[in-house]
Amino acid sequence: MIVPLLLQVDDALETVLAEARPLPAEQVRLAAAAGRYLAEPVIATIDLPPFTNSGMDGYAVRHADTPGRLEVIGESAAGTPFSGSVGPGQAVTISTGAVLPDGADAVAPIEWIDALDGAGAIEVPRPVPHDFSIRHAGSDVEHGTEVLAAGRRIGPAQIGAAASLGLSWLRCGSLPRVAVLTTGSELRKPGERLSPGQIYDSNGPLLYAALADAGADVTFIPTAADTRDAHREAITQALDHDVVISTGGVSVGGHDLVREIERELGVHELFWRIALKPGKPLSFGVSDRSPAGERSEHAPATLLFGLPGNPVSVLVCFELFVRPALLALQGAHEPRPAFGRARLATHVDRNPERDELIRVRLTTDGRLEPLRGQNSHQLAITALAAGFARIPAGSGTLAAGDEVAYLPLGGAS
């Protein structure tokens, strides 16, 4: 068997993203749009605010009349504007957000005012600057301007901005339909009784949580035992989805059947084995769903990720390759992993052949301290990690204080 050279991590990611073309967009109710990605820009159809209004409770005045005694001639309340205008020596009681009456050019805060009992007048003891506490129409955004760009992830602030424009629907990228397949005769569901040689399936729940965070419509395929028939049945069932994620069965052992069965089912493998620790056996391929069965730029394709079986490898490969693919399918503007930069708290030996993603915690001064235990099966220790530090392949050692790429993990405290 000829084993291919290891593909560099960044080259593998670019190969994945080249195949992860955005899915068709769909209309999504505003209340359900959080976490989705905009498929088209949001353009303001009105000015925000739509009218000039007061920034606080007080009195609408003419700044030239202050300081001085002013006659109160009415009230402008939120939703009920004052119908007249403010003339010399006059004031109008005004609420926060209420329309500024014609003639007024400032708001005197209620805390500044001395009321004259029974006289229907107020005393403004100090000058009120022109435009003080006034929010002009269009000062937030003007009609016709872009409020949110296509590819933007929608969060609470974006929901609020869309609602302020009166939008009840947003056009978003579709959620990828993802089939998850764990392989291995030894796997049992959490809660079941274990027999000798059996282990609990942690990869399935891990992937479900990661997919919920990344955005996906998830289908779980029953775990495939280590037989050709079981693998063929499971993979065939999974191929009708946008993305297939399998775990285990992609190395070189006698029971590693995933890649072989996928080839028999027409999957075109684009790479296998990458220069990464953990995660070296990762495979990636595509299977076309066009009627003719031939590859086409516009035909729908299923993306297949064959992740290693060790759970830390699953997590690493998901964050580096699967999550970016899912975001790209949803039309995210920047789907690549959101690496930052941080400094090491201690020295780290480099791997001569492969980049390493090591689990780290943050020290009190914000440095990265490697956790005890970096083997790919040590998932319980991984639960304590704040994120991954990327240690580039090479000779020698990175010293304490050296800066490296750092990828935070969700849920870290």
(Q) Using modelled atom types and a 3.5 Å cut-off, is there a donor and acceptor pairing between side-chain atoms of T15 and backbone atoms of D11? (A) yes
(Q) Taking side-chain hydrogen bond (donor to acceptor under 3.5 Å, both in side chains) as the criterion, tell me which of R259, H231, R232 meets it with E264. (A) R232
Q: Kindly assign one of parallel, tilted or perpendicular to the pair F284 and F305, based on the angle between their ring planes and the thresholds 30° and 60°.
A: tilted
Q: For residues D140 and P49, determine if any side-chain heavy atom of one lies less than 4.5 Å from a side-chain heavy atom of the other.
A: yes
Q.
Tell me whether R29 at atom CZ has more than 12 heavy atoms from other residues, nucleotides or ligands lying less than 6.0 Å away.
A. no
Q. What distance separates L276 CG from L13 CG, expressed to the nearest 0.5 Å?
A. 11.5 Å
**Q.** Considering all heavy atoms, the nearest A137-T52 contact
**A.** N-OG1, 3.2 Å
Q) Are any of the side-chain nitrogens in R323 or D213 under 4.0 Å away from the carboxylate oxygens of its partner? A) yes
**Q.** Test item: T80 side-chain N/O and A77 main-chain N/O as donor-acceptor pair under 3.5 Å
**A.** no
Q: Apply the test side chain to side chain contact (heavy atoms under 4.5 Å, CB included) to residues S283 and E269: give CA-CA distance (whole Å), side-chain angles for both, the deciding distance (0.1 Å), then the verdict.
A: CA-CA 7 Å; S283 71; E269 187 175 82; 3.8 Å; yes
Q: Decide side chain to side chain contact (heavy atoms under 4.5 Å, CB included) for I391 and N351; before the verdict, give the C-alpha distance in whole Å, the side-chain angles of both, and the deciding distance to 0.1 Å.
A: CA-CA 8 Å; I391 309 301; N351 185 302; over 6 Å; no
Q: Check the surroundings of atom NE2 in H130: do more than 12 heavy atoms from other residues, nucleotides or ligands lie under 6.0 Å from it?
A: yes
**Q.** Closest heavy-atom pair and its distance - D288, A301
**A.** OD1-CB, 3.8 Å
Q | Rounded distance (nearest 0.5 Å) linking atom OH of Y37 with atom CD of Q158 | A | 11.0 Å
**Q.** Atom pair CG (L30) and CG (L165), whose distance is rounded to the nearest 0.5 Å
**A.** 10.0 Å
Q) Which heavy atom in Y406 sits nearest to a heavy atom in P408, and how many Å separate them? A) O-CD, 3.6 Å
Q.
As an exercise, state the distance from CZ of F321 to CZ of F271, rounded to the nearest 0.5 Å.
A. 6.0 Å
(Q) Just to verify, which of N203, T247, T223 counts as forming a side-chain hydrogen bond (donor to acceptor under 3.5 Å, both in side chains) with T182? (A) T223
Q.
Main chain of E142, side chain of T145: is a donor-acceptor contact present, judged purely on distance under 3.5 Å?
A. yes
Q: Check whether any side-chain N or O of Q378 sits under 3.5 Å from a backbone N or O of Q374 as a donor-acceptor pair, and report yes or no.
A: yes
Q: Starting from the C-alpha separation in whole Å, work towards a yes-or-no answer on side-chain hydrogen bond (donor to acceptor under 3.5 Å, both in side chains) for H63 and D105.
A: CA-CA 6 Å; H63 83 281; D105 59 13; 2.9 Å; yes
Q: Would you sort out whether E26 and R36 count as a salt bridge (charged side-chain N to carboxylate O under 4.0 Å, His left out), showing the intermediate values?
A: CA-CA 11 Å; E26 62 183 3; R36 304 289 290 267; 2.4 Å; yes
Q) Is it true that R354 and E356 have a side-chain N and a carboxylate O under 4.0 angstrom from each other? A) no
Q. So, the side chain of S85 versus the backbone of G103: is there a donor-acceptor pair under 3.5 Å, distance only?
A. no
Q. Below 4.0 angstrom, N of the basic side chain to O of the carboxylate: do R343 and D402 qualify?
A. no
Q | Note, K189 side chain near D201 side chain (heavy atom, < 4.5 Å) | A | no
Q: Evaluate side chain to side chain contact (heavy atoms under 4.5 Å, CB included) for K280 paired with L6, printing each intermediate quantity in order.
A: CA-CA 8 Å; K280 181 175 73 173; L6 299 180; 3.7 Å; yes
Q.
What's the separation between atom CD in E19 and atom CG in L304, rounded to the nearest 0.5 Å?
A. 11.0 Å
Q | Separation between CG of D242 and CG of L23, rounded to the nearest 0.5 Å | A | 5.0 Å
(Q) Just to verify, what does W169 make a ring pair (Phe, Tyr, Trp, His ring centres under 6.0 Å) with, not counting sequence neighbours? (A) none
Q. Without hydrogens or angle criteria, can the side chains of T227 and D229 be said to hold a donor-acceptor pair below 3.5 Å?
A. no
Q: Give a yes or no on whether the backbone of S313 and the side-chain of N310 come within a donor-acceptor separation of less than 3.5 Å.
A: no
Q. Among side-chain atoms of D57 and T96, is any donor-acceptor pair under 3.5 angstrom?
A. yes
Q. Regarding N53 and H136, is there a side-chain donor-to-acceptor distance under 3.5 Å anywhere?
A. no
Q. Is S54 reaching over with its side chain to a backbone N or O of A98, donor-acceptor style, under 3.5 angstrom?
A. no
(Q) Could you go through L329 and R177, starting from their C-alpha distance and side-chain angles, then the distance that decides it, and tell me whether this counts as side chain to side chain contact (heavy atoms under 4.5 Å, CB included)? (A) CA-CA 10 Å; L329 290 171; R177 298 177 305 112; over 6 Å; no
Q: Please report the shortest heavy-atom distance between E146 and P41, naming the atom on each side.
A: OE1-CB, 3.6 Å
Q.
Please give me the minimum heavy-atom distance between P176 and G215, naming the atom from each residue.
A. CD-O, 3.6 Å
Q. Taking the side chain from R367 and the backbone from A345, do they hold a donor-acceptor pair closer than 3.5 Å?
A. no
Q.
Looking at D10 and R390, is there a salt bridge between them, counting it only when a charged N and a carboxylate O are closer than 4.0 Å?
A. yes
Q. Any donor-acceptor pair under 3.5 Å linking the side chain of W112 with the backbone of V124?
A. no
Q) Okay, side chain of S76, backbone of L100: is any donor-acceptor separation there less than 3.5 Å? A) no
